[in-house]
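Not measured: the values here are computed from a predicted model.
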Amino acid sequence: MKIYNTFTKTKEEFQPLNPPNVTMYMCGPTVYNYFHIGNARSFVMADIVRRYLEYKGFHVKFIMNITDVDDNIINKAFEEKKSTIDVADFYAEAFFEDVKKLRMKEANFYPKATLHISEMIGVIKRLEEKGFAYNVNGNVFYDVSKFSDYGKLSGKNTNDLESGARVDVNEEKKNPLDFTLWKKAKDGEPSWDSPWGKGRPGWHIECSAMSTKHLGKSIDIHAGGNDLIFPHHENEIAQSEACFEQKFVKYWMHFGFLNIQNEKMSKSLGNFFTAREVLDKYPAEAIRLFFAQTNYGGPLNFSDELLNSAQKGYEKILNLAEKIEREIKLNSRSAVIPEFDVKKYYSDFEKVMDDDFNSPQAVAVIFDFIRATNKIIAENDNIDSNFYHGLKQFLKKTAENVLGIIHLDGLSNELNPNIDNEQIELLIKKRDMAKKEKDFILADQIRTELINLGIILQDNKTGTTFKKINVK
RNA sequence: GGCGCUGUACCCAAGUGGCUUAAGGGGAAGGUCUGCAAAACCUUUAUUCGUCGGUUCGAAUCCGACCGGCGCCUCCA
């Protein structure tokens, strides 16, 4: 399988360092706010990458860090007159909730920066000993001029950077590109003891320290949004490779932005929707389908119109899944087992996903599968249940376990608690009677009544079925 | 200024030299089924891939120029 590596700007054959193990690090949130739907795009796409690697049989160790100390958190705590710990805990909790709602598979571990201070100090100390860091009055900086490969990930050279450098006049830095490893504490800020006095870690150092501690000095995949390429990931390379003298990351993966009207969604621009607001309006599966329908690397616009269109697509998958579920419950034995080559769909799915996780084409395979199976179902009466088991397996393994665009468990959902299934069945019986007596006015009344409760009736050859729609 | 991404139907979007005289989703139009619906299925909806040149037996795909849109270089997925 192939994977696009930002470092080489080419698709490369994926060969993990220690197969079948794969180590994967994803830059997680800074917990000073709810994360927005643009962040969610990166998280979900990383989730799909991870799940596909697992589908392929790799043993993936997936880690996502939580930045729980930084300027934004301190500012937020000040604004809300809370402690930084309370702010960080609150939003970390919210992060876990939202990520779960997005149906992301849980990471193997979510390391927190504040629980790895000593590891970070260790890395900084070593950098200082090796001459890559310098201390000015308790602020420790990384000396970019000492790392000759600086800029190799982002394709920047230090001369260009300096000439185009925007502000950040810091008298203490030798060079404007130097970045903070350890930040001297100001009054009232959270701080830890260190060889350079009380202070707190810079942002970049946490990923170097935590990635190394939990995944090793060299890892297979390090992922994050495009905006992290420079300076964040560039700085991580500078730190880790100067410190440990070995290649930090084999494959760098970066995700495109979610835009609003062609502009990057970002917290600083204020043009964002939080993931939880969007999750209140649309099912996670529809959101994931929306993301999966575009290649992960490019930009993607966000709008209600686009989300609605994805939701329609999701309902198409859902309709088939529900049909399958009903048929499996009926457990009918018959001689009718239609010819159908499920294997072809598995191999198509793998073929496109093997090509740098081409999820849009994977989604297309799923929809091809849906059309083909719907056709068979429409053209055959009384199909043996075993046929449906095969279909379910396919959806389970691909659409659910890898893409997460359907959730097969508990499909006869409980979205609307205002009415229970027995009441619905009773009304359906009443309507059937009315239909038999050609009292279509009453029959339609019942149907309308149910629609208002979020219940859609469908008259099929075998009888009337219903489904509950999400009345969000 | 440097580095990078991007321009494909009404909308979203895949495809990066012949398998594609261009996937898939949404929308629209017509049809089948149905008491009517819903769901589902069938048909139609780009001889064309920002523009202009070039390379090639052959290009949306390679090269050049030009015109748009976006991002990073400052915290940001």
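Rounded to a whole Å, the CG atom of A:Asp68 is 19 Å from the P atom of B:C75. With rounding to whole Å, A:Asp459 atom CG is found 10 Å from B:A39 atom C1'. Rounded to whole angstrom, the span from the CG atom of A:Asn460 across to the P atom of B:G35 amounts to 13 Å. In this structure, CZ of A:Phe230 is placed 6 Å from C1' of B:C73, rounded to the nearest angstrom. Rounded to whole Å, atom P of B:C75 lies 19 Å from atom CZ of A:Phe272. Nucleotide B:A40 holds its C1' atom 11 Å from the CD atom of A:Glu379, rounded to whole Å. Remark: C1' of B:G15 and CG of A:Asp356 are 14 Å apart, rounded to the nearest angstrom. Between the CZ atom of A:Phe257 and the P atom of B:C75 there is a distance of 14 Å, given to the nearest Å.
For A:Lys375 against B:C42, a side-chain-to-base donor-acceptor contact under 3.5 Å is absent. Interface remark: the A:Asn259 side chain does not form any donor-acceptor pair with the B:G71 base, using a distance-only criterion of under 3.5 Å. Not a single donor-acceptor contact under 3.5 angstrom links the side-chain atoms of A:Asp70 to the base of B:C75.
The same atom, P, is picked in B:A28 and in B:A37; the two are 16 Å apart, to the nearest Å. Here, B:C5 and B:U43 have their C1' atoms 39 Å apart, quoted to the whole Å. When the C1' atom is compared between B:G1 and B:C62, the two are found 29 Å apart, to the nearest whole Å. Rounded to whole Å, the separation between the C1' atoms of B:G2 and B:U20 comes to 39 Å. Comparing the P positions of B:G15 and B:A9 gives a spacing of 16 Å, expressed to the nearest Å. Taking atom C1' on both B:C12 and B:G18, the two are 29 Å apart, rounded to the nearest angstrom. Taking atom P in both B:C67 and B:U21, the straight-line distance is 33 Å, to the nearest Å. Going from the P atom of B:A38 to that of B:A46 covers 26 Å, rounded to whole Å.
Nucleic acid contact class of A:Arg371 (heavy atoms, under 4.0 Å, all strands): sugar-phosphate only. In this structure, A:Glu263 reaches the sugar-phosphate backbone alone: every heavy-atom distance under 4.0 Å involves primed, P, OP1 or OP2 atoms, never a base. Using a 4.0 Å heavy-atom criterion, one finds that A:Phe367 contacts the sugar-phosphate atoms exclusively. Residue contacts shown for A:Gly256 include a base, since a base heavy atom lies under 4.0 Å away. Nucleic acid contact for A:Asp368: sugar-phosphate only, since backbone atoms but no base atoms lie under 4.0 Å from a heavy atom of the residue. Counting any heavy atom pair closer than 4.0 Å across all strands shown, A:Lys438 reaches no nucleic acid atom. No contact: A:Met26 has no heavy atom under 4.0 Å from any strand. Across all strands, A:Arg326 comes closer than 4.0 Å to no nucleic acid atom at all (heavy-atom distances). Looking at heavy-atom distances under 4.0 Å, A:Ser266 makes contact with a base. Within the 4.0 angstrom heavy-atom criterion, no nucleotide atom of any strand lies near A:Leu289. Using a 4.0 Å heavy-atom criterion, one finds that A:Leu320 contacts no nucleic acid atom at all. Residue A:Leu306 is in sugar-phosphate contact alone, with no base atom involved, counting any heavy-atom pair closer than 4.0 Å across all strands shown. In this structure, A:His254 reaches neither bases nor backbone, as no heavy-atom distance under 4.0 Å exists between it and the strands shown. Using a 4.0 Å heavy-atom distance criterion, A:Lys267 is classed as a sugar-phosphate-only contact.
Of the candidates A:His232, A:Glu234, A:Gln239, A:His233, A:His232 is the only one forming a side chain to side chain donor-acceptor pair (under 3.5 Å) with A:His204. When each of A:Asp71, A:Thr84, A:Thr180 is paired with A:Arg200, the side chain to side chain donor-acceptor pair (under 3.5 Å) condition holds for A:Asp71 and for no other.
Aromatic ring centres of A:Tyr34 and A:Tyr91 lie closer together than 6.0 Å. Between A:Tyr282 and A:Tyr314, the distance separating the two ring centers is not shorter than 6.0 angstrom.
Applying the 4.0 Å criterion to OP1 and OP2 of B:G4, one finds that A:Asn226 has every side-chain N and O outside that range. Distances shorter than 4.0 Å separate some side-chain N or O of A:Asn358 from OP1 or OP2 on B:G15. Remark: A:Lys156 is not in phosphate contact with B:G4, judged by side-chain N or O atoms under 4.0 Å from OP1 or OP2. Taking 4.0 angstrom as the limit, A:Lys312 places a side-chain polar atom (N or O) nearer than this to OP1 or OP2 of B:G27. Between A:Asn319 and B:A40, a side-chain N or O to OP1/OP2 separation shorter than 4.0 Å is present. Side-chain N/O atoms of A:Lys316 include one lying less than 4.0 angstrom from OP1 or OP2 on B:G25.
A side-chain donor-acceptor contact under 3.5 Å links A:Asn108 to the backbone of A:Phe62. Although no hydrogens or angles enter the test, the distance criterion places a donor-acceptor pair under 3.5 Å between the side chain of A:Ser359 and the main chain of A:Ala292.
Closest to the side chain of A:Glu305, out of B:C41, B:G26, B:C11, is B:C11. In the set B:C75, B:G26, B:C5, B:G26 carries the atom at the smallest distance from any side-chain atom of A:Ser309.
Searching all strands for a Watson-Crick or G-U wobble partner of B:U34 with both distances below 3.5 Å returns nothing. Within the shown strands, nothing qualifies as a pairing partner of B:U61 under the Watson-Crick or G-U definition with both distances less than 3.5 Å. Using the Watson-Crick or G-U wobble rule with both distances under 3.5 Å, B:U45 pairs with B:G27. Across all strands shown, B:C70 pairs with B:G4; the Watson-Crick or G-U wobble distances both stay below 3.5 Å.
Proximity of A:Ile221 to A:Ile3: side-chain heavy atoms (C-beta onward) are separated by under 4.5 Å at one or more points.
Using the six-membered ring where Trp is involved, A:Phe302 and A:Phe273 have ring planes that are tilted, between 30° and 60° apart.
Salt bridge absent: A:Asp280 and A:Arg276 never bring a charged side-chain N and a carboxylate O closer than 4.0 Å.
Where A:Ser154 and A:Gln458 meet RNA chain B, the nucleotide closest to each residue was compared, and A:Ser154 sits on the side nearer the 5' end. Judged by closest nucleotide on RNA chain B, A:Asn301 is the one of A:Leu457 and A:Asn301 placed further toward the 5' end.
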Could you go step by step and tell me if A:Ile124 and A:Tyr142 meet the side-chain contact (heavy atoms from CB on, under 4.5 Å) rule?
CA-CA 9 Å; A:Ile124 300 169; A:Tyr142 187 98; over 6 Å; no
